[in-house]
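Written below as structure tokens is the structure these notes are about.
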Amino acid sequence: MTDAIVVLVTTPSAEKAAELARTLVEEQLAACGNVLPALRSIYRWEGKIHDEPEALLILKTRAPLFEALRERIVALHPYQVPEVLRLDVAAGHLPYLEWIRDNVRPSP
């Protein structure tokens, strides 16, 4: 097992996802952010079914930084209840995992 993690965040637009990614990479809370535009989300919110366009932000970071990353996403995100899901990485290409480690803050 590695301490690398993937964090999924939906946003209202690709522009907002890119803005979040840029900030989080600059602050070294994430090594990388991938923006997938043109997502369609169907969900229940406040008792109603919604069908909305969104974008998905996929962040790569390390487990010890998750809480700081989550807090920063929530502070910057326009949604009242943003999606912030952590997926632990069981294994991966070692040079890539080392690159993640080398491009985020040291462990708290």
Side-chain angles (χ1 to χ4, degrees):
M1 181 68 105
T2 170
D3 74 347
I5 61 172
V6 171
V7 177
L8 305 178
V9 181
T10 51
T11 64
S13 67
E15 293 77 24
K16 185 61 179 178
E19 178 186 317
L20 284 170
R22 196 169 293 109
T23 298
L24 298 167
V25 170
E26 285 173 356
E27 294 177 0
Q28 293 185 299
L29 288 169
C32 174
N34 304 116
V35 177
L36 286 96
L39 215 73
R40 182 176 176 186
S41 293
I42 301 167
Y43 58 94
R44 182 181 306 274
W45 178 250
E46 296 181 337
K48 296 179 184 168
I49 302 296
H50 296 261
D51 188 335
E52 305 286 341
E54 288 188 304
L56 179 63
L57 175 57
I58 303 171
L59 299 164
K60 274 73 80 176
T61 190
R62 295 177 56 239
L65 297 174
F66 177 71
E67 283 307 317
L69 176 69
R70 183 192 59 75
E71 288 174 12
R72 190 68 172 124
I73 291 167
V74 169
L76 296 170
H77 206 288
Y79 290 170
Q80 183 180 353
V81 180
E83 172 185 341
V84 183
L85 298 176
R86 170 184 162 166
L87 306 174
D88 293 337
V89 174
H93 182 53
L94 185 58
Y96 186 78
L97 298 174
E98 290 170 346
W99 176 83
I100 291 172
R101 182 198 63 220
D102 293 343
N103 284 282
V104 295
R105 295 178 187 172
S107 295

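What you see is a predicted model, and the numbers here were worked out from it, not measured in a lab. Worth knowing before you read on, the calculation uses all heavy atoms, side chains too, and leaves out hydrogens, waters and symmetry mates.
For the side chain to side chain contact (heavy atoms under 4.5 Å, CB included) test, residues two or more places apart in sequence or in another chain that qualify with Arg40 are Ile42, Asp51. In this view, Arg86 and Asp88 satisfy the side chain to side chain donor-acceptor pair (under 3.5 Å) rule, not counting sequence neighbours. Leu39 meets the side chain to side chain contact (heavy atoms under 4.5 Å, CB included) test with Thr10, Ser41, Glu54, Leu56; sequence neighbours excluded. The side chain to side chain contact (heavy atoms under 4.5 Å, CB included) check on Leu85 picks up Leu8, Glu83, with sequence neighbours excluded. Taking Gln28 as the reference, nothing meets the side chain to side chain donor-acceptor pair (under 3.5 Å) condition, with sequence neighbours excluded.
In this structure, Leu59 and Cys32 have side chains that are not in contact, with every pair of non-hydrogen atoms separated by 4.5 Å or more.
Taking all atoms of both residues into account, the shortest heavy-atom contact from Ala31 to Trp99 is O-CH2, 3.3 Å. For the pair Pro37 and Ala55, the tightest heavy-atom approach, listed with the atom from each and the gap, is CA-CB, 4.2 Å. The heavy-atom pair separating Leu57 from Ala17 by the smallest distance is CD2-O, 3.7 Å. Contact record, Ala68 with Leu29: CB-CD2, 3.9 Å, taken as the closest heavy-atom pair.
Residue Val89 is grouped with residue Leu87 when hydrophobic side chains (ILVMFWY) are merged at heavy-atom distances under 4.5 angstrom, including chains of intermediate members. Placement of Leu20 and Val35 within a single hydrophobic cluster is found when ILVMFWY residues are connected by side-chain heavy-atom separations under 4.5 Å, directly or transitively.
Between the His50 side chain and the Glu52 main chain, no donor and acceptor come within less than 3.5 Å of each other. In this structure, Arg62 contributes its side chain and Thr2 its backbone to no donor-acceptor pair below 3.5 Å.
Within the model, atoms CZ of Arg72 and CG of Leu69 stand 10.5 Å from one another, a figure rounded to the nearest 0.5 Å. The distance from atom CG of Leu97 to atom CG of Asp102, rounded to the nearest 0.5 Å, is 11.0 Å.
Under the side-chain contact (heavy atoms from CB on, under 4.5 Å) test applied with Phe66, the options Ile5, Thr61, Asp3 reduce to a single match, Ile5.
Under the 4.5 angstrom side-chain criterion for Ile, Leu, Val, Met, Phe, Trp and Tyr, the cluster partners of Leu65 are Val104.
Checked for salt-bridge contact, Arg22 and Glu19 miss the test: no charged N lies under 4.0 Å from a carboxylate O.
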Next item on the list: Assess whether side chain to side chain contact (heavy atoms under 4.5 Å, CB included) is satisfied between His93 and Glu98, documenting all intermediate values.
Entry: CA-CA 9 Å; His93 182 53; Glu98 290 170 346; over 6 Å; no
